[in-house]
Amino acid sequence: MGLTKQYLRYIPAGNFNIIASTDCNVVFLTLEGQEGRYVGVAACEDIIIWDMRLGERALVLPGDKYEVTQLASSPDKRFLAAGYSDGTVKVFNLKSGENVTSFSGHRGAITCLTYDEDGHRLASGAKDTDIIIWDVVAEAGLHRLTGHKGIVTQVRFLNKYNVLVSGSKDTFVKFWDLDTSHCFKTLVGHRSEVWGLTLVKEDKYLVTGCGDSELRVWSIVSKDSAAADSENVDKVVPDTEGFVTGEEGGDLDGISPLQCKKAGSVLRSGRGRVTSLTSDNTGQVIGCHGTDGLVELFHFCSDQDANNRFKKRQRKERKKAANLEEAVSNQQQQEMGLKDEVRRLASVKVTDSKVKSVDIVMGRGEELRVALTLNSNCVELYSLHVSMKEAESRCLRKISGQGHHSEVRSVAFSSDNLAIVSASAESIKMWNRPSLACLRTVQTDYVLTSCFVPGDRHVLVGLKSGHMLIVDIVSGDVLEDVPAHSSELWSIYLMPDQRGCVSGGSDATVKFWQFELINDPNNTESKAKVLSVLHTRTLKLEENVLCVRISPNNRLIAVALLDSTVQIFFVDTLKFFISLYGHKLPVLCMDISSDSTLIATGSADRNVKIWGLDFGDCHRSLFAHDDSVTGLQFVPRTHQFFTCGKDGRVKQWDADSFDKIITLQAHHGEARSLAVSPNGQYVVSCGSDRVLRLFERSAEPLVLEDEAEEEREALDNEALVTGEETTVPGHIGLNLPSKKTVGSEKAAEQLLECLEICRDFRAKLDEYNEQVKAAESKKKKPPPPPQPPALMVAYQASTPEDFLIEILQRIRSSTEVDTNYINKDKIAGIVRFTTALVTGICFSDLEEALLLLPFTSVCELLGQLPALLDRGHQTELVCRTMIFLFRVHHSPIVNNQALLPIVGKLQQLAINRVTSSGKVLTLLVFCLLQDMVGYNLHGLQFLQRELEAKEGIQLFRDATLEKKNKDRQKKKKERVAKRALMML
């Protein structure tokens, strides 16, 4: 290999300006035993835990390249689950800050997360309309629940039952029986998307919110309680076809563990749809907000308080009764309802922004704390006393100064490389580059461009109104507001001699300005001089000016126009020199190299063109980004330059060889601008995700061939991760709670390679044994034994059995119990883990890899398992592999006469090994080895409905229900008559 030109790699050096992402929720966390003080928010791919008392970051949980979309805290407050935009779920230990578990099973971004009461299970919903139940103890998936036709917006576990409630954009709320992974009830009373749901009063009520101003309240009662007290809950009977009927929807009574009926509604004051709906840790207070800045709070009183309010309301209504008939009619209507149980609390109002997410927690003395994230990159904490009447909410802390309230449009470095200035629609901020701390904030109008003045004490700011501001960074004052242009001021650039600047705007003019010191007009007594600018010359053009640059030798000025051309003039005479044309869309950014020989232009046509300044010839046109190129700047004293685009990426290029050096996955969204430090050591970029990302040049060399190979491999890996359901012939719709990933596909390739190597090596061993026997019969010296293949030697395996068990061990499989999660009931956690292991529901890369094997390889693998069981090494892993293969390929295995002896041998060996090892794996292992014969309850119910529709008859269930309904109505009439007699 010949010599290659090496570069130094730029690596991420920190993120700043982001306080809270708007696409993720906020959660209260408990650190150091203090509740209501710390909140967790997403900051793009990172998670920030803010100390709301001190207004500082308490902990930062770093992430990878995908955005955090959902957060959920465990009931014991020790772990934090985070869902990402690629469909993965990670669990972090809040004490150590480490990622302890990762789950991969969704094919879309995570939209909701929730723990069960014990913290042993985690439910996740995503944009792929599926719900997956994860076992955080066994670190594996338990169930994949499919049935929703829209994005899943919220999921909640019921504490008293093994039931999950889910809401979706398909307007349905579904109840799932987790014992059978079946939806037994659907609520259809919503006219638009269900955006949120929550459970209150120990799962007595289910509150749902959709696109209207009504919060629907549903009462949840167990089947036994409904039979004993039938006047409170009316049974919902499905029609003969089994479709949902009424607002409550369908109810499969044969398997339904509970019943649900609409109890009433609570009207909201906010506008727009319900954005989120949450409840506190006690389940007594719910908070909801819409698309405005109003957060409404409702308190569900205890049964005793509700009864007292009901009696008080009764007495008031009796006093209003004018005669006996009115009293009787009022008495008939007087029943305890939601207006006796629900009390409206004081709302939290945010005037200058919109609420994006809310979380509430009940503290000591019935003090309710409300945490909010706003679309203005802020986090706020409010306090409210629930027990006090007419109590108003008060703001305890607002974290807003550590970042811009809107997206950053411009960034610039100071001449000493120690300060960074950023500008947005409402302010400019100065940052300390080593500490990434905000030093100064100056309120301005909408800023489009900015740059430091020589001396680094002042900043020139170009506004959308066309004015140019001179800002004193030290004092934080605007020294002068210069009406430079009549419309947008798009570009400000310093003169090479550092004595002035040039500006270009949408009024089709380029103006030259000279720096000067004048007396302070605001303080006539002081003799101190302040900076000002003096207009010297104007260059008038025919089109709007989008960007202006001056060559470092102060000879030429380049102007990018709206007609997609770049015109170059002489600086001294302003005479036209040459025009650069070739872009199909306007040039948005450009820069000139430090030796004044090259000019690079970036356009909205997604291309970057490199031109020579001597003759204006185009050296090369590069397809740079997948969207418009928004930023471009050369590295000082080199021909390397950086670009950024609306595809969110930052790329480094070599203008001599026209090679792309490296691609930095910078922003989630559009990248607006970038700046390179004067020493070329740092690069900072800004984007629509409101994150300022700093990159630093390291001492690590970068070889273009290696970098290109890594990018190709990453693209191949992304193409491999289809996320589609793995299908097996004869087993359509396995619906596993996992996802086909690069790891599973590589594991399948390793298994196939291992089987092939073992087959060839066994053939050599058989040939060697025959040669040994022949040599012994002829009394000759036997030949040397065959050497193991190189791959077996690399894995330190001397026999095919050792090699196979080594490959199986290296495939990621969740078979280790994490005792940190089993904090309440260790026996229950281990038993549930073991059951999942034995029944084949503990899916990971191992199971996905086994699914990808062809049946011929499955037969070959089954033939090698008896030798592994006979050795007694890794019995659990071998049994797990064997059971899963039997479960998936049961029919072809049973019908294959050659495999039946192997199956019998495996059964006997498994029984002996598992029994002798004393494991918890008992009869559950072997029931799967027998014939899978049984009856399907849901299938029988379907046949029942078909028979009812065909014959026009009602079976026993419907007959008994009719009798119960008649008895219920009869008893109700008798109670009403008794009440009327008592009043008389």
Side-chain angles (χ1 to χ4, degrees), residues 409-410 412 421 423 428 444-455 458-472 478-518 521 530-580 586-592 596 599 601 613 632-633 673:
R409 296 300 304 264
S410 174
V421 65
I428 64 171
T444 61
D445 292 334
Y446 202 108
V447 181
L448 296 178
T449 182
S450 60
C451 69
F452 274 94
V453 176
H458 303 83
V459 173
L460 295 179
V461 177
L463 302 182
K464 191 175 183 180
S465 61
H467 288 217
M468 182 169 58
L469 303 181
I470 303 176
V471 181
D472 189 343
V478 177
L479 299 181
E480 188 176 0
D481 186 348
V482 181
H485 296 268
S486 59
S487 57
E488 293 89 347
L489 199 166
W490 289 108
S491 180
I492 298 178
Y493 194 75
L494 292 179
M495 300 289 290
D497 56 5
Q498 307 292 309
R499 295 182 179 180
C501 66
V502 61
S503 64
S506 294
D507 56 358
T509 61
V510 175
K511 296 185 178 182
F512 291 79
W513 308 86
Q514 182 179 352
F515 296 137
E516 62 177 0
L517 295 176
I518 62 174
V530 294
L531 181 67
S532 181
V533 291
L534 176 63
H535 180 214
T536 58
R537 293 184 297 171
T538 300
L539 174 62
K540 294 184 179 181
L541 301 163
E542 297 180 356
E543 293 287 342
N544 296 352
V545 178
L546 301 180
C547 188
V548 177
R549 290 293 183 269
I550 298 179
S551 61
N553 58 9
N554 203 15
R555 180 171 175 265
L556 301 174
I557 178 174
V559 182
L561 303 178
L562 192 61
D563 60 358
S564 306
T565 63
V566 176
Q567 295 187 6
I568 301 177
F569 302 86
F570 291 100
V571 174
D572 50 358
T573 62
L574 296 184
K575 290 184 178 181
F576 176 78
F577 170 59
I578 200 169
S579 179
L580 309 178
V587 174
L588 304 179
C589 54
M590 62 181 177
D591 197 18
I592 301 176
S596 302
I599 178 174
T601 58
L613 272 180
L632 188 151
Q633 188 171 348
S673 179

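The two residues His485 and Gly505 come nearest to each other via the heavy atoms CE1-N, 3.7 Å. The shortest non-hydrogen separation linking Pro454 to Phe515 is CD-CE1, 3.9 Å. Here the shortest heavy-atom pairing between Asp472 and His458 reads CA-CD2, 4.0 Å. When all heavy atoms are compared, the tightest approach of Phe577 to Leu613 is CE2-O, 3.6 Å. Between Leu494 and Phe452 the shortest heavy-atom distance is CD1-O, 3.1 Å. Nearest approach of Glu480 to Leu531, heavy atoms of both residues: OE1-O, 4.1 Å.
One N or O on the side chain of Ser410 and one on the backbone of Ser450 form a donor-acceptor pair closer than 3.5 Å. Looking only at distances, no side-chain donor or acceptor of Ser551 sits under 3.5 Å from a matching main-chain atom of Ser596. Under the 3.5 Å distance criterion, the side-chain polar atoms of Asp507 are matched with a main-chain donor or acceptor of Ser486. Of the possible donor and acceptor atoms, none in the side chain of Arg549 sits under 3.5 Å from a partner among the backbone N and O of Ala560.
The shortest distance between side-chain heavy atoms of Leu546 and Leu562 falls below 4.5 Å. The side-chain heavy atoms of Trp513 and Val482, taken from C-beta on, include a pair separated by under 4.5 Å. Using a 4.5 Å cut-off on side-chain heavy atoms (C-beta onward), Ile550 and Pro496 make contact. Residues Thr538 and Phe512 form no side-chain contact, since every pair of their non-hydrogen atoms from C-beta on lies 4.5 Å or further apart. The shortest distance between side-chain heavy atoms of Cys451 and Tyr493 does not fall below 4.5 Å. For the pair Ile470/Val530, no side-chain contact is recorded, criterion being any heavy-atom separation below 4.5 Å from C-beta on. Residues Leu489 and Thr449 are in side-chain contact: their nearest non-hydrogen atoms beyond the backbone lie under 4.5 Å apart. At a threshold of 4.5 Å between non-hydrogen side-chain atoms, the residues Leu479 and Ser532 do not count as touching.
For the atom pair His535 NE2 and Met468 CE, the distance stands at 9.5 Å (nearest 0.5 Å). A distance of 12.5 Å separates OG in Ser564 from CG in Leu580, rounded to the nearest 0.5 Å. Interatomic distance, OG of Ser506 versus CG of Leu448, reported as 8.5 Å (0.5 Å rounding). Interatomic distance, Gln514 CD to Thr536 OG1, rounded to the nearest 0.5 Å: 6.5 Å. Here the CZ atom belonging to Phe569 is positioned 5.0 Å from the CG atom belonging to Leu541, to the nearest 0.5 angstrom. Annotation: the span from Ile557 atom CD1 to Phe570 atom CZ amounts to 13.0 Å, rounded to 0.5 Å.
Screening Thr444, Asp445, Asp481 for a side-chain hydrogen bond (donor to acceptor under 3.5 Å, both in side chains) involving His467 leaves a single residue, Asp481.
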Could you walk me through whether Ile599 and Leu556 satisfy the side-chain contact (heavy atoms from CB on, under 4.5 Å) test, starting with their C-alpha distance in whole Å, then the side-chain angles of each, then the deciding distance to 0.1 Å, before giving a yes or no? CA-CA 11 Å; Ile599 178 174; Leu556 301 174; over 6 Å; no

Derivation of the side-chain contact (heavy atoms from CB on, under 4.5 Å) call for Tyr446 and Ser465: CA-CA 8 Å; Tyr446 202 108; Ser465 61; over 6 Å; no

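Within 6.0 Å of atom CZ in Arg499, 12 or fewer heavy atoms from other residues, nucleotides or ligands are found, so the atom counts as exposed in its surroundings.
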